[in-house]
Number of protein chains: 2
Amino acid sequence: MTVTIKDVAKKANVAPSTVSRVIADNPSISEKTKRRVRKVMAELGYHPNLNARSLANQTTKTIGLVMPSSASKAFQNPFFPEVIRGISSFAHGEEYSLYMSTGETEEEIFNGVVKMVQGRQIGGIILLYSRMNDRILEYLHRQNFPFVLIGKPYERKEEITYIDNDNYVAAREVTEYLISLGHKRIAFIGGDSDLLVTKDRLAGMADALKLADISLPAEYVLNLGFLRESGQKAVEELMTLDAQPTAIIATDDLIGLGVLSALSEKGISVPEDISIVSFNNVLLSEIANPPLTTVDVNIYQLGYEAAKYLVDKIEHCETSPKCIIIPHKLVKRQTCNEILK
Amino acid sequence: MTVTIKDVAKKANVAPSTVSRVIADNPSISEKTKRRVRKVMAELGYHPNLNARSLANQTTKTIGLVMPSSASKAFQNPFFPEVIRGISSFAHGEEYSLYMSTGETEEEIFNGVVKMVQGRQIGGIILLYSRMNDRILEYLHRQNFPFVLIGKPYERKEEITYIDNDNYVAAREVTEYLISLGHKRIAFIGGDSDLLVTKDRLAGMADALKLADISLPAEYVLNLGFLRESGQKAVEELMTLDAQPTAIIATDDLIGLGVLSALSEKGISVPEDISIVSFNNVLLSEIANPPLTTVDVNIYQLGYEAAKYLVDKIEHCETSPKCIIIPHKLVKRQTCNEILK
DNA sequence: ATGAAAGCGCTAACAT
DNA sequence: ATGTTAGCGCTTTCAT
């Protein structure tokens with residue numbers, strides 16, 4: 001039924017191995033037979049069975065993707081499509097495809113990873129998030145299976161290849177910017193507190209503040225998850241304070257949006273009454289109303305480089321771990337005002 | 001190095017075929033040996049090589065996903081993560097995984113599809129978009145390869161299984177709602193005009209208008225792609241008109257957001273000066289400022305059902321094409337006002 | 001209830 | 001430069 005390498009071989013009067021070599025463009029086959037074989041392949045509509053190939057040579061040109069538990073709606077964050085676009089773009093150039101397992105809980109996801117690793121379905125893995133004490137990361141590292149991390153490893157930084165922004169510096173810059181505008185009461189709204197981005201950005205902010213001799217009261221630091229409610233709840237809490245902040249740093253555009261909308265519901269105007277800076281520069285931060293001032297972290301690039309270094313690892317057995325830092329850039333739009341007093 | 005079925009067989013003192021049967025939970029193996037074999041599998045940390053399995057039995061539990069050309073940033077629309085979440089959820093229950101090829105241009109995507117189909121990497125395909133004259137759809141249909149469509153086929157409706165909303169009715173309802181609020185000058189901003197959703201929604205709106213004896217001038221119908229600019233440009237055009245619309249129907253929340261922000265830039269307030277309804281009820285429509293009145297099309301459900309019917313097709317050779325309509329619901333938030341005059 | 005053996009479609013020594 | 005052959009790890013008749 002399906003046309004195999006044998007059919008091609010027969011029709012082209014060569015051995016199956018020759019056909020195989022033609023597919024691999026092996027230099028030891030004469031141009032003449034190559035042409036002939038290729039012609040037959042086209043005529044017959046031959047396409048290699050990739051399972052058979054993978055089985056025979058113990059490799060597969062596919063990359064596994066691991067997202068944070070999709071049950072958590074974090075997945076709705078446009079960050080992910082965008083990293084994937086970056087990954088996909090590099091992958092395509094190298095003829096790699098992408099594979100996703102389908103768990104929802106942490107346990108299921110872990111099992112999915114084991115299954116695709118041991119089941120030999122993928123040649124390497126990209127972790128699209130980074131959190132503390134990650135079981136999956138532990139497993140991959142122990143297995144010595146090729147993987148790269150988007151974000152920063154919690155421990156063993158020297159043994160793991162990861163692609164990240166300099167979130168510490170980015171947050172520092174953002175804070176300094178706010179300070180330069182005259183802000184002294186600056187609040188921080190983060191995503192999940194076990195995510196490393198959250199930690200790094202908070203650290204950067206705290207240091208910038210300290211350097212400027214500005215205090216960061218505990219009530220100004222909120223970690224409420226990555227979603228809308230995060231922004232909403234944060235605003236509730238912040239606004240009951242005696243000393244209300246004049247500026248807010250949100251670790252994610254989605255949170256920034258939530259803050260924006262919560263503020264507007266309360267009749268507080270941005271940037272007149274309060275300034276906001278968020279992170280990521282997702283498409284919709286520009287559509288926001290008013291458009292968000294945000295740190296462009298080059299999401300696409302994060303994905304692209306991740307794929308690149310992973311393929312490197314897979315194909316060239318590139319084993320020495322690397323740390324790749326993608327540049328960021330503050331995009332000033334309309335949510336920050338100077339404070340005069 | 002890797003532990004195979006033979007290793008297990010040896011250690012459990014049975015034949016490889018027996019192990020294979022244990023994996024398949026074949027009833028003709030005694031519970032006793034099943035237990036024994038399973039124990040050995042656990043001890044050895046055995047995991048089946050899925051390539052080998054696929055090769056041997058010519059099936060594979062993975063679903064291919066096809067998105068619209070990711071070069072077009074349509075992919076940034078949170079619609080996709082959400083459908084995928086739905087797909088993933090059902091798929092997981094059936095132990096299916098997901099596979100994506102990585103093309104960017106139409107041509108590349110098409111080749112990717114052929115490769116995964118002929119390469120026997122996937123057992124079926126879900127098309128996450130539906131447009132006119134789609135080459136991929138043609139191909140799959142001709143090959144008689146199991147696939148389902150999210151959206152509506154342009155032709156041969158009776159031969160294709162598709163999951164869709166009743167976009168025509170939804171648009172009618174939305175329009176009637178607007179009419180009931182007193183609006184008579186209603187504009188339509190659609191995504192790509194060769195997408196079938198756009199057509200259906202426009203048709204529904206047009207009919208509702210006709211029924212109410214309200215005209216729909218050509219200048220009121222804009223199709224400018226799915227993105228932010230779409231909303232922006234549309235507002236530009238609409239606002240130069242002599243008879244400016246008092247309400248806008250946008251076929252997508254992202255467009256709705258764009259409109260919102262463009263309007264606010266011009267100092268036009270929503271819903272006081274102009275009303276907006278959009279479609280999809282993506283997470284961020286709720287975060288919008290003001291929160292968007294939108295049609296919840298149950299994106300997750302679209303994905304879930306798509307996966308369900310695809311698996312049905314694959315496993316039970318369910319061949320008779322079906323049309324599944326997912327219910328929609330108008331979610332009234334804060335972008336529509338009554339018009340008094 | 002279990003084993004032996006052939007074969008899925010391909011690659012990779014090893015020959016020639 | 002090309003053919004022969006033996007697997008890759010699994011499933012599945014066909015025996016027993």
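Throughout, protein chains are lettered first and strands after them, A, B, ... in sequence-line order, and every chain is numbered starting at 1. Basis for what follows: all heavy atoms, side chains included, without hydrogens, waters or symmetry-related copies. Keep in mind that this is a model prediction, so the values were computed, not measured.
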Evaluate salt bridge (charged side-chain N to carboxylate O under 4.0 Å, His left out) for B:E138 paired with B:R156, printing each intermediate quantity in order. CA-CA 10 Å; B:E138 287 304 321; B:R156 309 223 198 85; 3.6 Å; yes

For atom CG of B:N51 and atom P of C:dG7, their distance in whole Å: 22 Å

Which part of the nucleic acid does A:V19 contact within heavy-atom distance under 4.0 Å: base, sugar-phosphate only, or nothing? nothing

Are B:D134 and B:Y129 linked by a side-chain donor-acceptor pair shorter than 3.5 Å? yes

Distance-only donor-acceptor test, B:S20 side-chain atoms vs D:dT12 base atoms, 3.5 Å: no

Report yes if at least one side-chain N or O of B:T33 is closer than 4.0 Å to OP1 or OP2 of C:dT2; otherwise report no. yes

Where each residue is assigned the nucleotide of DNA chain C containing its nearest heavy atom, which of B:K34 and B:N57 is assigned the position nearer the 5′ end? B:K34

Return the nearest nucleotide to the side chain of A:I5; candidates are D:dG9, D:dG3, C:dT11. C:dT11

Per atom distances to the A:R53 side chain, the nearest of D:dG9, D:dG3, C:dT11 is C:dT11

Rounding to an integer number of Å, can you tell me how far B:L44 CG sits from D:dG9 P? 14 Å

When you measure from the side chain of A:Y46, which nucleotide among C:dC8, C:dC14, C:dC10 comes out closest? C:dC10

Tell me whether the OP1 or OP2 atom of D:dA1 has a side-chain N or O from A:S30 closer than 4.0 Å. no

To the nearest angstrom, how far is B:L55 atom CG from D:dC8 atom P? 14 Å

Under 4.5 Å between any side-chain heavy atoms of A:K157 and A:K152, yes or no? yes

Can you find a side chain N or O atom of A:Q58 that sits less than 4.0 Å from OP1 or OP2 on C:dC10? no

Should we count OH of A:Y154 as having more than 12 external heavy atoms under 6.0 Å? no

Of the candidate nucleotides C:dC14, C:dG3, D:dC10, which contains the atom at the shortest distance from the side chain of B:T18? C:dG3

Any base atoms under 4.0 Å from B:S17, or only sugar-phosphate, or nothing? Heavy atoms, all strands. base

With a 3.5 Å cut-off and no angle check, do the side chains of A:E159 and A:H141 form a donor-acceptor pair? yes

d(NZ, A:K10; P, C:dC10) in whole Å: 13 Å

Does B:S54 have a side-chain nitrogen or oxygen under 4.0 Å from the phosphate oxygens OP1 or OP2 of D:dC10? no

Hey, does the side-chain of B:R36 have a donor or acceptor N/O within less than 3.5 Å of a partner on the base of C:dT2? no

Quick note, B:I23 side chain, CB onward, closest among C:dG3, D:dT11, D:dG3 is D:dT11

Could you work out which one of D:dG9, D:dT4, D:dT2 sits closest to the side chain of A:S28? D:dT2

Starting from P on C:dT2, measure out to CG on B:N26 and report it in whole angstrom. 10 Å

Please work out if B:N13 contacts a base, only the sugar-phosphate, or nothing of the nucleic acid, heavy-atom cut-off 4.0 Å. sugar-phosphate

State plainly whether the residues B:K115 and B:E108 are in salt-bridge range, i.e. N to O under 4.0 Å. no

